[in-house]
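Single-structure report; data block below.
Here is how names work: the chains are called A, B, and so on, in the same order as the sequence lines, proteins then strands, and each is numbered from 1.
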There are 2 protein chains.
Amino acid sequence: MPAPVAAEPIEHTSAVPLEKPDALCCAPAPGQGSLLAAEAETLALRFKALADPNRLRILSIVSSSPEAETCVCDLSEPLNLGQPTVSHHLKILVDAGLLNRDKRGVWAYYSLVPGALDTLAATMAPRV
Amino acid sequence: MPAPVAAEPIEHTSAVPLEKPDALCCAPAPGQGSLLAAEAETLALRFKALADPNRLRILSIVSSSPEAETCVCDLSEPLNLGQPTVSHHLKILVDAGLLNRDKRGVWAYYSLVPGALDTLAATMAPRV
DNA sequence: TTGATATATCGATGGTTGTCAATCTCCCGA
DNA sequence: TCGGGAGATTGACAACCATCGATATATCAA
């Protein structure tokens with residue numbers, strides 16, 4: 001837990017495909033000294049992926065499964081959701097960079113992206 | 001339905017366990033060994049508060065302000081939002097237990113709830 | 001090839017949310 | 001006591017989202 005976060009506003013780390021935060025040279029002077037609008041937008045996308053109880057449970061199930069990977073069929077039942085809905089949520093989590101998708105044969109196995117949640121968590125407590 | 005959830009400041013000091021808690025005697029067989037539906041609902045409410053770029057910027061501005069507290073009038077301008085909208089976002093953040101509201105005279109000063117973000121972050125990376 | 005199965009995608013729908021204009025409440029100074 | 005200003009609340013509206021049924025795609029087995 002190095003927690004290399006500076007006292008400055010959040011610096012995005014890698015580990016997940018992110019838009020490069022450079023190229024904000026001539027921003028129309030929004031609230032400076034704080035999160036820029038573009039950064040906030042990107043961050044909000046991640047948190048939006050966590051802002052649904054079923055997606056949180058998906059992450060929990062995936063992370064606590066024996067092999068740390070789960071297929072869609074293992075999720076539909078405990079969540080009490082239809083298969084298309086589960087697939088939809090999984091896509092959102094993959095797009096947010098939180099889950100990996102590994103299709104082997106007919107089955108698709110999902111696993112946590114290592115460090116993705118920690119990186120997100122680090123942006124929440126920059127000045128511990 | 002109105003569903004006025006946060007009638008009370010959620011303190012929730014302990015990190016939400018990703019394991020099975022207690023008292024699941026008669027639950028309709030949810031996913032075992034994972035987040036229960038009720039826990040997921042509560043957690044999702046918090047993340048929902050963070051799932052908006054303007055609310056993230058509010059938190060950033062408040063935390064980086066000199067006195068670590070800000071009044072509504074200081075937020076409306078940098079966010080380019082109307083006063084009712086800012087007030088709306090602030091209410092969501094207060095209800096989520098992330099901001100404190102301190103009304104002194106005509107002005108209302110908002111400040112971070114100490115440890116609230118850290119607690120939330122801890123639920124994302126329980127193995128710190 | 002054909003059939004079966006697992007998953008993804010599409011279209012529709014009801015509920016939720018962010019925003020604003022208008023209004024209300026409350027506190028303070030004159 | 002009254003008036004002005006800060007902030008909260010209300011109502012309305014458009015955009016978004018979670019969910020489902022139906023369908024498409026892909027892979028394996030016979």
Which of these nucleotides, [options], is closest to any side-chain atom of [X]?
X: A:P84; options: D:dG7, D:dC20, C:dT7; value: D:dC20
X: A:V72; options: D:dA18, C:dG18, C:dA8; value: C:dA8
X: A:K103; options: C:dT7, D:dA18, D:dA8; value: C:dT7
X: B:L81; options: C:dC20, D:dA18, C:dT7; value: C:dC20
X: A:N54; options: C:dG18, D:dT19, C:dT7; value: D:dT19
X: B:Y110; options: D:dA22, D:dA8, C:dC20; value: D:dA8
X: B:S87; options: D:dC20, C:dT19, D:dG7; value: D:dG7
X: A:V106; options: D:dC28, C:dT7, C:dT17; value: D:dC28

Indicate the atoms forming the closest heavy-atom contact of A:L120 with A:R46, along with that distance.
->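 Nearest heavy atoms, A:L120 then A:R46: CD1-CB, 3.8 Å.
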Residues B:L90, B:L75; criterion side-chain contact (heavy atoms from CB on, under 4.5 Å); working and verdict | CA-CA 10 Å; B:L90 286 168; B:L75 294 167; 4.0 Å; yes
Nearest-nucleotide wise, let me know which of B:G82 and A:A108 is further upstream toward the 5' end of DNA chain C.
->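 Result of the comparison: A:A108.
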Between B:S65 (side chain) and B:V62 (backbone), is there a donor-acceptor pair under 3.5 Å?
->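 Yes, B:S65 side chain to B:V62 backbone: donor-acceptor pair under 3.5 Å.
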Spell out, as yes or no, whether a donor-acceptor pair under 3.5 Å connects the side chain of A:R55 to the backbone of A:K48.
->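 Checked: pair present.
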Give a yes/no on whether any side-chain N or O of [X] is located under 4.0 angstrom from OP1 or OP2 of [N].
X: A:R55; N: D:dA18; result: yes
X: A:R101; N: C:dT7; result: no
X: B:T85; N: C:dC20; result: yes

Per the atom types in the model, does the base of C:dA8 pair as donor or acceptor with the side chain of A:Q83 at under 3.5 Å?
-> yes
Reckon B:L75 touches a base, only the sugar-phosphate, or nothing at all at heavy-atom distances under 4.0 Å?
-> nothing
Earlier contact from the 5' end, DNA chain D, for A:H88 and B:V86 |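 Closest to the 5' end, via its nearest nucleotide, is B:V86.
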